[in-house]
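What's counted below: heavy atoms across the whole structure, side chains too, no hydrogens, waters or symmetry copies. Quantities reported herein were computed from a predicted structural model and do not represent experimental measurements.
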Amino acid sequence: MKSTAPAQSSHMPGPARYVGWWGDMGSLKQKGIKTYGVSPYRQRAMAGAWSGYVFNGYKRAMAQAPYIAPPMLFFYGVYYWAKKKYEYNNSKQGHFDRLVEEGHIKPGEFERPTTEPLAH
């Protein structure tokens, strides 16, 4: 049998033959396809999922920790620094230092505000 024999057989559509739309291609019926199934009452979809996650999931998480932890620590440090800087800039001390820095107030012209409450 030649290698081109299947392509020239009568079962293969030629260039002038309309094959059909999807699902109705006009081909021969499929034979020899077997399907197997398991009863839903016999299936255990979550069998071993929890114990597999505990051990395998921990191992996978620890394998990714060197890639995740340094950026997380860095950006937490940036967040902590920015939060402290924001609080300082919106405090009396921050406002006073900003005015001195911009030259609106000369150093020593006014009392420097204190952050501790005054004793009465």
Side-chain angles (χ1 to χ4, degrees):
M1 185 170 169
K2 295 180 183 178
S3 61
T4 58
Q8 295 173 352
S9 69
S10 63
H11 300 299
M12 298 294 290
R17 182 173 169 206
Y18 176 69
V19 178
W21 194 242
W22 292 105
D24 185 25
M25 299 296 272
S27 64
L28 295 174
K29 294 285 184 188
Q30 295 284 328
K31 291 184 180 180
I33 298 175
K34 299 192 186 313
T35 58
Y36 298 94
V38 179
S39 167
Y41 298 106
R42 299 286 296 174
Q43 290 179 0
R44 292 175 45 205
M46 295 299 289
W50 180 249
S51 64
Y53 171 74
V54 169
F55 299 112
N56 200 24
Y58 178 76
K59 185 173 92 175
R60 287 182 178 193
M62 290 300 105
Q64 294 300 317
Y67 303 105
I68 295 172
M72 284 180 64
L73 292 174
F74 173 76
F75 285 112
Y76 179 75
V78 169
Y79 164 77
Y80 184 78
W81 170 81
K83 187 174 177 183
K84 289 293 183 185
K85 181 83 170 168
Y86 176 78
E87 289 173 359
Y88 170 75
N89 285 340
N90 287 320
S91 68
K92 286 182 180 182
Q93 186 70 47
H95 285 285
F96 181 80
D97 290 344
R98 181 69 180 212
L99 290 173
V100 170
E101 181 183 306
E102 291 177 351
H104 297 290
I105 298 175
K106 294 184 177 100
E109 187 175 346
F110 294 101
E111 281 188 33
R112 202 175 169 107
T114 59
T115 56
E116 298 144 9
L118 298 174
H120 292 269

Original post:
Which residues, ordered by chain and number, are linked to M72 in its hydrophobic cluster, where ILVMFWY side chains connect at heavy-atom gaps below 4.5 Å, directly or through other members?
Top reply: I68
Original post:
For M62, which fellow cluster members are found when Ile, Leu, Val, Met, Phe, Trp and Tyr are connected by side-chain heavy-atom distances below 4.5 angstrom, either directly or through intermediates?
Top reply: Y58
Original post:
What is the minimum heavy-atom distance between A65 and P70, and which atoms define it?
Top reply: O-CD, 3.9 Å
**OP:** Grab the two heavy atoms, one from P66 and one from A63, that are nearest each other, plus how far apart they are.
**Re:** CD-O, 3.5 Å
**OP:** Working to the nearest 0.5 Å, report the span between NE2 of H95 and CG of N90.
**Re:** 5.0 Å
Original post:
For K83, what residues pass the side chain to side chain contact (heavy atoms under 4.5 Å, CB included) criterion, not counting sequence neighbours?
Top reply: Y79, E87
Original post:
Should side-chain heavy atoms under 4.5 Å link Ile, Leu, Val, Met, Phe, Trp and Tyr, which residues sit in the same cluster as V78?
Top reply: F74, F75
Subject >> Contacts of type side chain to side chain donor-acceptor pair (under 3.5 Å), residue E102, not counting sequence neighbours >> reply: R98, H104
Subject >> Connected-component partners of W50 among ILVMFWY, side-chain separation under 4.5 Å >> reply: Y53, V54, F55
Original post:
In chain order, what residues pass the side chain to side chain contact (heavy atoms under 4.5 Å, CB included) check against R42, with sequence neighbours excluded?
Top reply: V38, S39
